[in-house]
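The structure appears below as structure tokens.
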Amino acid sequence: MDIYLDLISKALPVTLSVSACAWLVAAVLGLGLGLLGGSRHRAVREGQFFVSTVLRGMPEVLAIYLLFFGLTDYGGMDFSPFSATVVALGLTQAGFWSEAVRGTLDLVPLRQREAGQSLGLSALQVHRHVVLPQIVQPLLAPALNMFVALMKLTAIAAAVGLPELLHSGRAEMDRTYQVIPVVIALAVIYVVVTLPLTHLVGAVERRSRSRSTQESMPVFS
């Protein structure tokens, strides 16, 4: 029981904090990058695809090492284990999130954007008042999925000494020499935290499908 209390009281808040901050970084950067994928200019679209491909192809551990060791030693920037993990996970997940955003742009008919422009709206106003309100619902489930994925990805922060769940679990193993109980405790904590989120993702997806089906049904008068 002491193992659970130590992990929940000390390590779990770190894991949740990293996940939340990295999710925010990925959501903001990925949204901006994804909207660029809907640009009318080919150079902008190709640039967006190149950047998202690089971010998606970057291993998370390598990104943390580059920030924590590379930029700290050679770039003159001082990244803590927490900030290096948040930025690294945020950047890599932003690549995947940008593709999710770019995919939902196809759900917004082109004629609606053109109508907004014909009313004198700028490109930014069209995205704010026409595009974004229509892509929020389809992006809810992917957003929750990204948070669940980030929670599990925080385990790689043990490589730079961040006291999240895995790192704290290893320290507990070294202190007590109890490997199996600690592993079981870690598994239980991860499942208990992520299972409700997984069910919530399923509920959101079912609601989204039901709403799409109702909107696509013909109306007879």
Side-chain angles (χ1 to χ4, degrees), residues 18-67 83-114 116-117 122-157 194 197-213 215-216:
V18 171
S19 302
C21 293
W23 183 91
L24 184 60
V25 172
V28 173
L29 293 181
L31 177 61
L33 192 59
L35 292 177
L36 290 178
S39 173
R40 294 177 298 174
H41 303 287
R42 180 178 178 183
V44 175
R45 294 196 305 271
E46 291 181 350
Q48 181 272 341
F49 179 75
F50 174 77
V51 173
S52 67
T53 300
V54 171
L55 293 178
R56 285 180 288 138
M58 175 72 70
E60 287 82 2
V61 174
L62 180 58
I64 292 179
Y65 281 162
L66 287 175
L67 292 172
S83 59
T85 303
V86 167
V87 174
L89 294 181
L91 287 175
T92 53
Q93 289 302 304
F96 293 99
W97 183 242
S98 67
E99 291 303 299
V101 172
R102 188 175 64 86
T104 58
L105 293 179
D106 295 334
L107 300 177
V108 182
L110 180 61
R111 64 178 180 273
Q112 293 187 13
R113 304 183 209 177
E114 294 174 343
Q117 293 173 350
S122 65
L124 182 60
Q125 290 174 325
V126 169
H127 279 105
R128 179 182 176 184
H129 298 292
V130 179
V131 177
L132 289 179
Q134 299 187 65
I135 66 175
V136 168
Q137 179 71 24
L139 287 175
L140 284 179
L144 293 172
N145 267 325
M146 182 170 65
F147 185 83
V148 173
L150 282 169
M151 269 209 62
K152 294 182 285 187
L153 284 171
T154 55
I156 64 177
T194 59
L197 291 174
T198 303
H199 280 293
L200 182 59
V201 170
V204 170
E205 289 178 338
R206 288 192 296 271
R207 181 178 179 182
S208 180
R209 287 196 299 267
S210 175
R211 182 177 179 180
S212 299
T213 301
E215 291 179 350
S216 62

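Computed from a predicted structure; not experimentally measured.
Considering only residues two or more places apart in sequence or on other chains, Ser98 meets the side chain to side chain donor-acceptor pair (under 3.5 Å) condition with none of them.
Of all heavy-atom pairs between Thr104 and Val101, the closest is OG1-O, 2.7 Å. In plain terms, the two heavy atoms of Arg56 and Phe49 that are nearest each other are NH2-CE1, 4.2 Å. Gly37 and Arg102 get closest at one heavy-atom pair: CA-CD, 3.8 Å.
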Inset, instruction - Go through the steps for Leu66 and Met58 under the test side-chain contact (heavy atoms from CB on, under 4.5 Å), then give the verdict. - result: CA-CA 11 Å; Leu66 287 175; Met58 175 72 70; 4.2 Å; yes
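No donor-acceptor pair under 3.5 Å is formed between the side chain of Glu99 and the backbone N or O of Gly95. Side chain of Trp23 to main chain of Met151: no donor-acceptor pair is present (N/O by atom type, distance under 3.5 Å, no hydrogens or angles).
Taking CG from Leu132 and CG from Leu35, the interatomic distance works out to 6.0 Å, rounded to the nearest 0.5 Å. The distance from atom CG of Leu24 to atom OG of Ser19, rounded to the nearest 0.5 Å, is 12.5 Å. Atom OG1 of Thr194 sits about 12.5 Å away from atom CG of Leu200, to the nearest 0.5 Å.
Counting only residues at least two apart or on different chains, no side-chain hydrogen bond (donor to acceptor under 3.5 Å, both in side chains) pair has a member in residues 144-155.
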Side-chain donor-acceptor pairs under 3.5 Å in residues 87-94, sequence neighbours left out?
{"residue": "Thr92", "atom": "OG1", "partner": "Ala88", "partner atom": "O", "Å": "3.0"}
{"residue": "Thr92", "atom": "OG1", "partner": "Leu89", "partner atom": "O", "Å": "3.1"}

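Of the candidates Leu139, Leu55, Leu33, Leu29, Leu139 is the only one forming a side chain to side chain contact (heavy atoms under 4.5 Å, CB included) with Trp97.
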